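Since the structure is predicted, the reported quantities are computational estimates derived from the model, not experimental observations.
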Amino acid sequence: MNIEEHATDDRAESTNRTTRYPFAAIVEQESLKTALILNAINPDVGGVLVRGERGTAKSTTVRALAEVLPDRTVVADCPYGCPPTSPDRMCPDCTERYESGETLPTKTEPMRVVDLPLNATADRLVGTLDVERAVTDGIRQFDPGILAEANRNVLYVDEVNLLDDHLVDVLLDAAAMGENVVEREGVSVRHPAEFMLVGTMNPEEGSLRPQLLDRFGLVVDVAGIDDVDQRVEISRRRAAFDADPEIFRAEYADQQRELTQRIVAARERLPDVTVPEPVEKAIAAINVHLEVDGHRGDNTLRRAARALAAYRDEPVVSIDHVEDVAPLVLTHRLTKLPFEDTEMDVESAVERAKREYVDD
Ligand SMILES: Nc1ncnc2c1ncn2[C@@H]1O[C@H](COP(=O)(O)OP(=O)(O)OP(=O)(O)O)[C@@H](O)[C@H]1O
């Protein structure tokens, strides 16, 4: 890529959502799109790590996601965007107001992809607490950070493998608890921090700490596209977008709307999607065959398979759903090295579990 082209890409990435490249215009990369959509349907899937070489639309796709996510309703004057009718997911302030019977003011707003820059300080991430003010005036003055902005949004870390260890620890704590707790000299503030964690990385630039890798519900390995026609299509679309973003976006507006409607419908269907016992057993057996540590693999496989069934408008999870999401859920959880003899790949483990528990 020459310097001029790169500058165009960068400029396009940094512009606001009205001139953003549309999600529906991404060519191929179905696993990446599906992984993001499954998380949008069921946040419990646990986020996505996108690994791959440069220039494979990783960041373009992640940034484009926000626009196809359904709008969210928030408490209008709350810095954390609390959900107005779910007291168990509110900040202490909103909970108090809700429980006192106050009618909370609401507004509807689009979801956002909130960036965690590599050079962010820990204070920028968690927010700053003015301890002096707390001690002298008894007032808890808290300046919310990135985790506050990320609540009920997407938290995006580009080059996540290069993130400072200290920030990784903070991020893991918040992701595990679904809240951010800031404590300074006996004064503490807490607020909800439930976000869809999305990271992108180029494996050539360093690996990811295993604790962080394991936290990502899904991992997608993205490769460049070799098909000549598809490559032509990619550059044609990019040229058309750069020439006139508004016309290009208008061409994809219907597809974008349709996608949002599918996500909304899938979210509504999700609670009713069932998992028959043979499929439950197959999920467990796949994890056993692959010698996956712990039970996070089972849980995530079940959640992702249910989200996929909901997305395809199917009320019952089948082994096909499990098969389709298994590589996203399990590839990064394999403990054995690929050259070890005992290693069974994900595909063979699914086949074996299918024979054992699902086929007649
Ligand atoms: N499958 C695709 N569909 C549409 N556009 C694509 C596709 N693959 C690459 N592109 C285009 O290639 C350019 C590079 O994409 P992007 O910056 O998202 O890559 P990246 O994987 O995030 O790379 P980097 O790690 O260098 O940031 C963008 O202009 C993007 O529009």
Side-chain angles (χ1 to χ4, degrees), residues 16-17 39 43-44 46-47 63 66 69 71-158 160 162-199 211-212 215:
N16 64 29
R17 53 187 279 130
N39 274 276
D44 290 341
R63 292 187 192 288
L69 294 176
D71 289 349
R72 49 179 216 155
T73 305
V74 299
V75 174
D77 54 358
C78 170
Y80 313 112
C82 284
T85 52
S86 313
D88 53 325
R89 296 176 58 210
M90 286 177 180
C91 67
D93 234 27
C94 287
T95 313
E96 204 180 307
R97 292 166 70 190
Y98 181 86
E99 283 173 356
S100 73
E102 183 182 333
T103 308
L104 297 168
T106 63
K107 66 176 177 190
T108 302
E109 59 179 26
M111 280 184 74
R112 288 190 302 132
V113 173
V114 177
D115 275 280
L116 169 53
L118 290 182
N119 62 0
T121 60
D123 277 355
R124 178 76 194 95
L125 180 59
V126 301
T128 39
L129 186 56
D130 188 341
V131 177
E132 218 167 282
R133 187 109 196 259
V135 174
T136 52
D137 306 343
I139 294 170
R140 264 187 295 178
Q141 178 80 34
F142 180 64
D143 191 9
I146 292 171
L147 287 176
E149 271 179 73
N151 187 39
R152 304 180 64 213
N153 278 316
V154 178
L155 181 59
Y156 176 38
V157 197
D158 190 13
V160 63
L162 307 182
L163 194 66
D164 185 82
D165 277 355
H166 178 53
L167 293 187
V168 169
D169 290 339
V170 173
L171 200 61
L172 289 179
D173 280 352
M177 294 189 302
E179 71 173 355
N180 176 35
V181 183
V182 185
E183 275 170 343
R184 299 270 186 280
E185 298 172 35
V187 186
S188 80
V189 167
R190 59 179 60 226
H191 67 77
E194 290 174 13
F195 46 82
M196 184 207 293
L197 181 61
V198 180
Q211 301 96 305
L212 184 52
R215 280 288 167 176

Practice prompt. Could you tell me whether Asp71 and Lys107 make a salt bridge, using a distance below 4.0 angstrom between a side-chain N and a carboxylate O?
Written response: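 Salt bridge between Asp71 and Lys107, a charged N being under 4.0 Å from a carboxylate O: no.
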
Worksheet entry | Residues Asp158 and Arg63 bridged, charged N to O under 4.0 Å |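 So Asp158 does not pair with Arg63 through a salt bridge.
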
[X] side, atom [atom1]; [Y] side, atom [atom2] - distance, nearest 0.5 Å:
{"X": "Asp143", "Y": "Asp123", "atom1": "CG", "atom2": "CG", "answer": "9.5 Å"}
{"X": "Leu129", "Y": "Arg184", "atom1": "CG", "atom2": "CZ", "answer": "6.5 Å"}
{"X": "Asp77", "Y": "Arg97", "atom1": "CG", "atom2": "CZ", "answer": "4.0 Å"}
{"X": "Asn180", "Y": "Asp173", "atom1": "CG", "atom2": "CG", "answer": "9.5 Å"}

Closest non-hydrogen atom pair between [X] and [Y], with its separation:
{"X": "Phe195", "Y": "Ala174", "answer": "CE2-CB, 4.3 Å"}
{"X": "Glu183", "Y": "Ser188", "answer": "CG-CB, 3.2 Å"}
{"X": "Val74", "Y": "Gly81", "answer": "CG1-O, 3.6 Å"}
{"X": "Thr85", "Y": "Tyr98", "answer": "O-OH, 4.0 Å"}
{"X": "Leu167", "Y": "Leu118", "answer": "CD1-O, 4.3 Å"}
{"X": "Cys82", "Y": "Arg89", "answer": "SG-O, 4.3 Å"}

Backbone N or O of [Y] within a donor-acceptor pair of the [X] side chain at under 3.5 Å?
{"X": "Arg152", "Y": "Arg72", "value": "no"}
{"X": "Asp115", "Y": "Pro117", "value": "no"}
{"X": "Asn153", "Y": "Met111", "value": "no"}
{"X": "Asn151", "Y": "Glu194", "value": "yes"}

Would you say the side chain of [Y] lies within less than 4.5 Å of the side chain of [X], judging by non-hydrogen atoms?
{"X": "Leu125", "Y": "Leu147", "answer": "yes"}
{"X": "Met90", "Y": "Leu104", "answer": "yes"}
{"X": "Cys78", "Y": "Asp93", "answer": "no"}
{"X": "Arg112", "Y": "Glu149", "answer": "yes"}
{"X": "Leu116", "Y": "Leu163", "answer": "yes"}

Item to complete: Among Pro83, Pro84, Cys91, find the one that has a side-chain contact (heavy atoms from CB on, under 4.5 Å) with Val75.
Response: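 When side-chain contact (heavy atoms from CB on, under 4.5 Å) is applied between Val75 and each of Pro83, Pro84, Cys91, only Pro84 qualifies.
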
Practice prompt. Check Val168, Leu162, Leu197, Val198 against Val157 for a side-chain contact (heavy atoms from CB on, under 4.5 Å) and give me the one that passes.
Written response: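 That would be Leu197.
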
Practice prompt. Measure up the His191 and Tyr80 rings against each other and bin them: parallel (under 30°), tilted (30 to 60°), perpendicular (over 60°).
Written response: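 Parallel, since the angle between the ring planes stays under 30°.
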
Fill in: Other residues, nucleotides, ligands: >12 heavy atoms within 6.0 Å of Glu96 CD
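Not more than 12 within 6.0 Å, no.
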
